[in-house]
Amino acid sequence: MIMLQGSKHLRIAGILEIVIGAVMLVFTWMLVGAGDFSSVLNEGLASNALMSIVVLYGFHIFEIVVGLIGVACANKKSSLTLILGLALFFINLWEFFSYSNDVMQIVMHAVTLVVPYYYLHNAYRNFKS
């Protein structure tokens, strides 16, 4: 069986996405109060705070799913991994530009752009080979 150019690195990027998504799910869960959403609503925050939490959970679950698909399709010419890599990269890029006031969050999101780019780059290498 012939290995595609980016298969090894796509597998690594997929595993990194799974780990990052799982860690961020746990981190979000801990910030919310161990899954108790009433603490968010009792503090007088609007329902958009709850919606933000749901979006965060959804994004991190999306990261895990993209990672799993990347690992499963690592040695295939897959347009799905390329499309998911593009979506993942642009979501992270949007997050990077949405935190323009806090230097720490800018640095953190700049670092977190590396793994989606790594995933996208290797998905593209697999697709074109």
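Bear in mind that the values here come from a model prediction, so they are computed numbers and not experimental data.
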(Q) Could you measure the distance from the OG atom of Ser7 to the NZ atom of Lys76? Nearest 0.5 Å is fine. (A) 12.5 Å
Q. What distance separates Leu25 CG from Ile20 CD1, expressed to the nearest 0.5 Å?
A. 12.0 Å
Q: Please check if Phe59 and Leu56 belong to a single hydrophobic cluster, counting links between Ile, Leu, Val, Met, Phe, Trp and Tyr side chain heavy atoms closer than 4.5 Å.
A: no
Q. Going by heavy atoms in the side chains, are Leu120 and Leu84 under 4.5 Å from each other?
A. no
Q: Return yes if some donor-acceptor pair links the side-chain N/O of Lys77 with the main-chain N/O of Ser129 below 3.5 Å, else return no.
A: yes
Q. What pair of heavy atoms forms the shortest contact from Ala74 to Leu10, and how long is it?
A. CA-CD2, 3.9 Å
Q: With sequence neighbours left out, write down each residue that passes side chain to side chain contact (heavy atoms under 4.5 Å, CB included) with Leu113, or none if nothing qualifies.
A: Phe89, Asn92, Leu93, Phe96
Q: Any pair with a residue in residues 12-22 that passes side-chain hydrogen bond (donor to acceptor under 3.5 Å, both in side chains), sequence neighbours left out, goes on the list, sorted by first then second residue, please.
A: none
Q. Do the side chains of Leu68 and Ile61 join up, straight or via other hydrophobic residues, at under 4.5 Å, putting them in one cluster?
A. yes
**Q.** Residues in side chain to side chain donor-acceptor pair (under 3.5 Å) contact with Glu63, at least two apart in sequence or another chain
**A.** His60
Q: Please check if Phe97 and Met104 belong to a single hydrophobic cluster, counting links between Ile, Leu, Val, Met, Phe, Trp and Tyr side chain heavy atoms closer than 4.5 Å.
A: no
Q. Got a sec, which residues hit ring-ring contact (aromatic ring centres under 6.0 Å, His included) with Tyr117, two or more places apart in sequence or on another chain?
A. His121
Q | Derivation and outcome, side chain to side chain contact (heavy atoms under 4.5 Å, CB included), residues Ile12 and Asn122 | A | CA-CA 10 Å; Ile12 292 168; Asn122 290 298; over 6 Å; no
Q | Tyr124 OH: over 12 foreign heavy atoms closer than 6.0 Å | A | no
Q.
Applying side chain to side chain donor-acceptor pair (under 3.5 Å), can you list everything that pairs with Tyr118, at least two apart in sequence or on another chain?
A. His9
Q | Which atom of Trp29 lies closest to which atom of Tyr57, heavy atoms considered | A | CA-OH, 3.1 Å
**Q.** Hydrophobic cluster membership, Val107 vs Val114, 4.5 Å side-chain cutoff
**A.** no
Q.
Is there a path of hydrophobic side-chain contacts, each under 4.5 Å between heavy atoms of I/L/V/M/F/W/Y residues, joining Ile18 to Val26?
A. yes
(Q) If I compare all heavy atoms of Ile69 with all of Tyr119, which pair ends up nearest, and what's the gap? (A) C-OH, 4.3 Å
Q: Start with the C-alpha gap between Asn126 and Ser78, add the side-chain angles, then the distance that decides, and say whether side chain to side chain contact (heavy atoms under 4.5 Å, CB included) holds.
A: CA-CA 7 Å; Asn126 271 6; Ser78 172; over 6 Å; no
